[in-house]
Amino acid sequence: MTRAISLRDVTKTFPRNVVAVHRLNLDIAPGEFVVLLGPSGCGKSTVLRMIAGLEDITSGRLLLDGEYANHLPPGQRQLAMVFQDYALYPNMTSRQNIGFPLRIEAPRLDDGPRVNEAARLLGIEDLMDRYPAQLSGGERQRVAMGRAIVRRPTAFLLDEPLSNLDAKLRNRLRAEIATLTRHLGVTTVYVTHDQSEAMSLGDRVAVMRDGVLQQTGTARDVYRLPDNVFVAAFVGTPRINLLRATVYAPLDGRMSIDFGTQRIMLPQPLSDDHQLLRVQMGRPITVGVRSEAVRIAAPGEMRPSEALLNGVVQHVEYQGHESLVHVSTGARHAEVDGLEAPRPPVARGHGRRPRKHRVWRMPGRGGRSAPGARPGASEAAERAPEPPSPTPSGRVSDGLVVRAGMDVQPRLGERVPLLLDLDQLYVFDSEGRRISPAQGGRVPQLDR
Ligand SMILES: Nc1ncnc2c1ncn2[C@@H]1O[C@H](COP(=O)(O)OP(=O)(O)OP(=O)(O)O)[C@@H](O)[C@H]1O
């Protein structure tokens, strides 16, 4: 049996007027796997605890299979919760820990068959006579999962169940949890602040910020069509580049986006999405550029949908199959409130002065130097940036992060041309709402 879970206008206020969750609406279908994602303190655990009955709902309604359930004690909800800290009884073996809920529920029942079944599903048959102190973190979490599934709950509520484990084990257990819940066909609500975990699990992701639900959708939709700048910044690795800009839309000239030190002209005729930018004329906007939407390549290789910017290489993160190149364009980066860790500022050239005016060459392509911008496509070349200069705090403004294949090996301080795919540009208004691409219209593609 599985469960539909609905939250209708649910608010949770703690003493001293701490609003942990504000008017949250979420419908979870029977058998669905939904991930609650958001930074620390955004209210994810509180939502889960309200569903479990461990926290009272201040206002709004919880429905289980369409029935009002705010008043039901936890034991009557048939939901199983798993926490990050396992919470196993240290003086009980795995077998006793897993069987414990059954012994409480029905002391005379022979729990053997159900405990064995849980152990088999989790592949922990050989660990059943060990005590928690004799188990690794991953094994303990499997036992905790066993204790959750043994009661054959109608839904799983998992609160960061893997965050105490190392990265490799986390990946493995993540896949196991997804397989197990699918096999059991049980509704699952999974809380995490790790966006890569959220993207790899679950049918849908619900992104929260400051107690408010920002967006729900498949991982792909949330990545491709973020409703606002917060979702765009929270979902995706490396984090989306967010640049402050202004739209210029003269009646008798071409529309352009001005980044302060450089400007890109939008191709004519304007696409429907670019038309939407006209009303933003003169207002501050935020332009979002994912690292796969910009490439380091000679202007001669520019495609019709691309525009040129110039920048200076600040830092290169070697990743094996590719590099993440941080390039300073002189554009100002937009800050997003409520994100845990802003990108660390990049130290200027690891202590070395970037070499000024080094000309970028494409390795293995005849060492061609970058010619000027294509007429009409961009004003980048005429207004190329100077190497990054320190901010008043002494930090260098952080750069645009660009993915580069192994055939591109830029050096620190090198000036490089950046080809920006205008079809993959996101534009957010001064309130952070996505203007472009419009819903249902052209959407940036993941695959290139
Ligand atoms: N019992 C409580 N009393 C007062 N405030 C609380 C209580 N529990 C949680 N809060 C507050 O409610 C807000 C949401 O907390 P919650 O634990 O739901 O966030 P979270 O997104 O799960 O965070 P984390 O990822 O760090 O666990 C926070 O500001 C927190 O300080």
Side-chain angles (χ1 to χ4, degrees), residues 5-26 28 33-62 69-70 73-74 77 79-87 137 140-141 144-145 148 155-167 170 173-174 177 188-202 204-217 219 222 226-228 230-237 239 336-342:
I5 301 172
S6 296
L7 297 148
R8 297 279 157 80
D9 246 351
V10 165
T11 292
K12 174 69 188 181
T13 309
F14 284 111
R16 297 201 192 131
N17 224 14
V18 175
V19 181
V21 178
H22 183 69
R23 306 195 69 166
L24 184 121
N25 285 291
L26 184 61
I28 303 169
F33 193 131
V34 169
V35 183
L36 291 182
L37 171 69
S40 184
C42 73
K44 311 175 293 287
S45 298
T46 304
V47 171
L48 210 64
R49 293 171 61 79
M50 287 190 288
I51 297 173
L54 302 175
E55 211 69 78
D56 288 338
I57 292 172
T58 308
S59 65
R61 293 182 305 146
L62 167 72
N70 289 36
R77 299 189 184 201
L79 310 171
M81 190 147 171
V82 178
F83 303 92
Q84 89 184 55
D85 55 4
Y86 328 129
R140 273 182 232 159
Q141 196 53 287
M145 284 294 293
F156 283 131
L157 308 175
L158 308 177
D159 193 354
E160 309 235 13
L162 308 180
S163 54
N164 284 348
L165 308 175
D166 69 55
R170 222 165 39 222
L173 274 184
R174 192 191 285 170
I177 288 177
T188 304
V189 188
Y190 187 107
V191 159
T192 183
H193 64 271
D194 177 346
Q195 63 86 31
S196 60
E197 190 156 286
M199 301 302 271
S200 67
L201 278 168
R204 273 191 304 155
V205 178
V207 186
M208 290 184 68
R209 172 201 200 180
D210 293 341
V212 178
L213 186 63
Q214 303 289 304
Q215 186 172 0
T216 55
V222 168
D227 281 354
N228 59 43
F230 174 83
V231 175
F234 199 75
V235 171
T237 311
R239 183 173 290 174
V336 181
D337 288 343
L339 287 182
E340 278 158 311

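One-based numbering, in listed order, for ligands and for the atoms of each. Values below: all heavy atoms of this structure, side chains included; hydrogens, waters and symmetry mates excluded.
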Seminar exercise, completed: Taking every heavy atom of Cys42 against every heavy atom of Met208, the minimum-distance pair comes out as O-CE, 3.4 Å
Exercise. When only distance counts, is Val18 in polar contact with ligand 1, meaning an N/O pair under 3.5 Å?
Worked result: no
Seminar exercise, completed: Ser45 heavy atoms within 4.0 Å reach ligand 1 at atoms 17 (O), 18 (O), 20 (P), 22 (O), 27 (O)
Problem set entry | atom 26 (O) of ligand 1: the protein heavy-atom neighbour that sits closest, reported with distance to 0.1 Å | Ser40 OG, 2.6 Å
Seminar exercise, completed: Here the pair of heavy atoms bringing Ala148 nearest to Val82 is CB-CG2, 3.5 Å
For this session: Run the numbers for me: atoms of ligand 1, each under 4.0 Å from some heavy atom of Pro39, listed by number.
Result: 21 (O)
For this session: Using the test ring pair (Phe, Tyr, Trp, His ring centres under 6.0 Å), find all partners of Phe156 that sit at least two apart in sequence or belong to another chain.
Result: none
Problem set entry | side-chain contact (heavy atoms from CB on, under 4.5 Å), paired with Tyr190, selected from Leu162, Asp159, Val205 | Leu162
Exercise. If you measure only the distance, is there a donor-acceptor pair under 3.5 Å linking the side chains of Asn228 and Gln214?
Worked result: yes
Exercise. Where is the nearest protein heavy atom to atom 25 (O) of ligand 1: which residue, which atom, and how far?
Worked result: Lys44 NZ, 2.9 Å
Exercise. Looking only at heavy atoms, which two atoms of Phe14 and Ala20 are closest? And how far apart?
Worked result: CE1-CB, 3.5 Å
Exercise. What's the shortest heavy-atom distance between Thr192 and Val35, and which atoms?
Worked result: CG2-CG1, 3.6 Å
Exercise. Can Gly43 be said to touch ligand 1, with heavy atoms closer than 4.0 Å?
Worked result: yes
For this session: Please check if a non-hydrogen protein atom sits closer than 4.0 Å to atom 31 (O) of ligand 1.
Result: no
For this session: Please could you name the atoms of ligand 1 that Ala20 approaches to less than 4.0 Å, counting only its heavy atoms?
Result: 12 (O), 13 (C), 14 (C)
Exercise. Relative to the heavy atoms of Glu160, which atoms of ligand 1 are at a distance of less than 4.0 Å?
Worked result: 25 (O)
Exercise. Is ligand 1 under 4.0 Å from a heavy atom in the side chain of His193, in the backbone, in both, or in neither?
Worked result: neither
For this session: Below 4.0 angstrom from a heavy atom of Cys42, which ligand 1 atoms are there? Numbered from 1 as shown, please.
Result: 19 (O), 20 (P), 21 (O)
Exercise. For Asn70, what residues pass the side chain to side chain contact (heavy atoms under 4.5 Å, CB included) criterion, not counting sequence neighbours?
Worked result: Ile57, Arg61, Leu62, Tyr68
Exercise. Which residue supplies the protein heavy atom nearest to atom 15 (O) of ligand 1, what is that atom called, and how far is it?
Worked result: Thr46 OG1, 3.8 Å
Seminar exercise, completed: If we number the atoms of ligand 1 from 1 as shown, the ones under 4.0 Å from a heavy atom of Gly41 are 13 (C), 14 (C), 19 (O), 20 (P), 21 (O), 23 (O), 24 (P), 26 (O), 28 (C), 29 (O)
Exercise. Starting from atom 9 (C) of ligand 1, which protein heavy atom do you reach first, and at what distance in Å?
Worked result: Phe14 CE1, 3.4 Å
Exercise. Gln195 and Thr237: side-chain donor and acceptor closer than 3.5 Å?
Worked result: yes
